[in-house]
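Below is one structure, written out as structure tokens; comments come after it.
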Amino acid sequence: MTAQDSATPTTSIAVSSGTLLAALGVVAFSLTFPSTAWGLESFGPWSLTAVRSVLAAVVAAAFLLALRVPVPERRHWAGLATVAAGVVVGFPLLTTLALQTSTTSHAAVVVGLLPLTTAAFAALRTGRRPSRAFWTAALAGAAVVIAFTVQQSGGTLHTGDLYLFGALVVCAAGYTEGGRLAQQLPGWQVIGWALILCLPLALAGSAVALAYEPVHLGARGVIGLLWVAAGSTFFGLYVWYRGMAQIGIAKASQLQLAQPLLTLVWSVLLLGEDLSPAAPLAAGAVLVCIAVTQRSRS
């Protein structure tokens with residue numbers, strides 16, 4: 001047996017393991033909106049976002065301390081602040097506010113545009129110039145989402161839609177900066193330190209929000225809070241970045257194409273929502289547009 005032959009099983013196991021980890025990340029992310037809807041049954045939007053951040057930061061701190069991870073260098077903190085503002089604060093808060101009036105299926109279709117938005121931010125941030133086919137597909141995906149949103153909103157954009165579009169922008173900025181930092185720090189440490197950076201603000205926000213927003217603890221509300229904190233925010237990103245490191249960004253991105261469709265399934269199974277005929281059609285169209293961009297990035 002040659003050296004190459006002996007290495008093949010190990011490589012195959014690594015690919016299979018990486019694919020499984022990345023797939024677990026996608027499943028965790030797809031549950032975020034239904035879990036947020038559950039959390040809103042017990043908490044207000046501001047308290048849910050703040051307490052979620054506190055709990056996720058506690059989990060991150062436990063891992064960082066247990067593994068004795070050194071504090072990042074000063075040059076990394078500006079980027080970590082961008083990740084914190086976009087992924088830890090901005091996206092959770094804006095989507096939580098949106099889900100007060102929008103269904104999870106509606107939000108899933110709109111936020112399904114996130115990979116395209118992130119790619120556009122990455123192109124601007126890195127100076128790379130994707131192909132014309134990439135931008136054509138990206139604009140087509142944006143057009144589908146905007147048309148779906150206007151159609152579902154009765155011809156006008158509602159406040160929830162504006163929150164969702166704002167969430168797309170801030171999260172894309174956070175993802176882009178996080179991707180840049182992940183080339184210098186392990187990905188899970190990027191989100192871990194971003195959570196730690198937000199902890200003082202999250203603690204203050206929790207104290208204020210819990211004092212002003214009513215809390216009605218229930219099983220679904222508590223489960224929703226725990227999942228968005230430990231499952232979506234920390235576990236999801238942890239397995240996602242580990243899987244991405246093993247199989248590469250391109251292959252991992254293909255798995256994420258299923259996320260909006262998975263969220264539509266969860267919205268029916270966990271929340272009993274009735275899907276409009278346009279929702280799966282729009283999600284499928286966005287999926288096709290994203291698939292085109294993945295094949296024509298350069």
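Just so it is clear, the values below take in all heavy atoms, side chains as well, and ignore hydrogens, waters and symmetry mates. The shown structure was predicted, so the numbers you read here are calculated from the model rather than taken from an experiment.
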Over all atoms of both residues, closest heavy-atom pair of Cys171 and Phe91: CB-CD1, 3.4 Å
Same hydrophobic cluster for Leu99 and Leu271, using side-chain heavy-atom links shorter than 4.5 Å among ILVMFWY? yes
Heavy-atom pair of closest approach, residues Leu48 and Gly39: CD2-C, 4.0 Å
Return the CG to OG1 distance between Leu97 and Thr49, rounded to the nearest 0.5 Å. 6.5 Å
Answer yes if Val239 and Leu226 sit in the same cluster of Ile, Leu, Val, Met, Phe, Trp and Tyr residues linked by side chain heavy atoms under 4.5 Å apart, and no otherwise. yes
Take Tyr163 and Thr95 through the test side chain to side chain contact (heavy atoms under 4.5 Å, CB included) and record every step on the way to the result. CA-CA 6 Å; Tyr163 283 139; Thr95 53; over 6 Å; no
Show the nearest heavy-atom pair for residues Leu199 and Ala57, with the distance to one decimal. CD1-CB, 3.8 Å
To the nearest 0.5 Å, atom CD of Glu273 lies from atom OG1 of Thr104 at 3.5 Å
Audit row: Ile191, Val88, side chain to side chain contact (heavy atoms under 4.5 Å, CB included) steps and yes/no: CA-CA 8 Å; Ile191 187 61; Val88 178; 4.1 Å; yes
Between Thr32 and Ser232, does any side-chain donor sit less than 3.5 Å from a side-chain acceptor? yes
Can you find a pair of side-chain heavy atoms, one from Val71 and one from Trp193, that are under 4.5 Å apart? yes
Applying side chain to side chain contact (heavy atoms under 4.5 Å, CB included), run through Leu270 and Trp38 and close with a yes or a no. CA-CA 9 Å; Leu270 298 178; Trp38 276 15; 4.2 Å; yes
Do Pro34 and Thr263 have side chains that get closer than 4.5 Å, going by heavy atoms? yes
For the hydrophobic clusters of this structure (ILVMFWY residues joined by side-chain heavy atoms under 4.5 Å, transitively), does one cluster hold both Val170 and Leu93? yes
At their closest point, which heavy atom of Leu164 faces which heavy atom of His106, and how far apart are they? CD1-CD2, 4.1 Å
Inter-residue atom distance Thr103.OG1 - Phe33.CZ, 0.5 Å rounding: 10.5 Å
Do you know the tightest heavy-atom contact between Val83 and Gly174? CG2-O, 3.7 Å
Within a reach of under 6.0 Å around CH2 of Trp266, are more than 12 heavy atoms found that belong to other residues, nucleotides or ligands? no
With a 4.5 Å limit on heavy-atom distance, are the side chains of Gln184 and Pro72 in contact? no
Find the distance between CZ (Phe29) and OG1 (Thr233) and round it off to the nearest 0.5 Å. 9.0 Å
Same apolar cluster (I L V M F W Y, side chains within < 4.5 Å links), Leu262/Leu31: yes
Ignoring hydrogens and angles, tell me if any N or O in the side chain of Glu177 forms a donor-acceptor pair with the backbone of Gly79 under 3.5 Å. no
For a 4.5 angstrom cut-off between non-hydrogen side-chain atoms, does Val215 reach Leu217? yes
Where at least one partner belongs to residues 41-57, residue pairs that pass salt bridge (Lys or Arg N to Asp or Glu O under 4.0 Å), sequence neighbours excluded: Glu41-Arg220
What heavy-atom pair brings Thr101 and Gly160 nearest, and what distance separates the two atoms? OG1-CA, 3.8 Å
Decide whether Ile223 and Phe235 are clustered together by the hydrophobic rule: side chain heavy atoms of Ile, Leu, Val, Met, Phe, Trp, Tyr closer than 4.5 Å, transitively. yes
Measuring from His216:NE2 to Ser42:OG, what's the distance to the nearest 0.5 Å? 8.5 Å
With sequence neighbours excluded, what pairs up with Phe234 under the ring-ring contact (aromatic ring centres under 6.0 Å, His included) test? Phe63
Distance check, rounded to the nearest 0.5 Å: Thr96 atom OG1 versus Gln100 atom CD? 8.5 Å
Using the side chain to side chain contact (heavy atoms under 4.5 Å, CB included) rule, take Ser53 and Val89 through it: C-alpha gap first, then chi angles, then the decisive distance, then the call. CA-CA 8 Å; Ser53 182; Val89 178; 5.7 Å; no
Please say whether more than 12 non-hydrogen atoms of neighbouring residues, nucleotides or ligands are located less than 6.0 Å from CH2 in Trp46. no
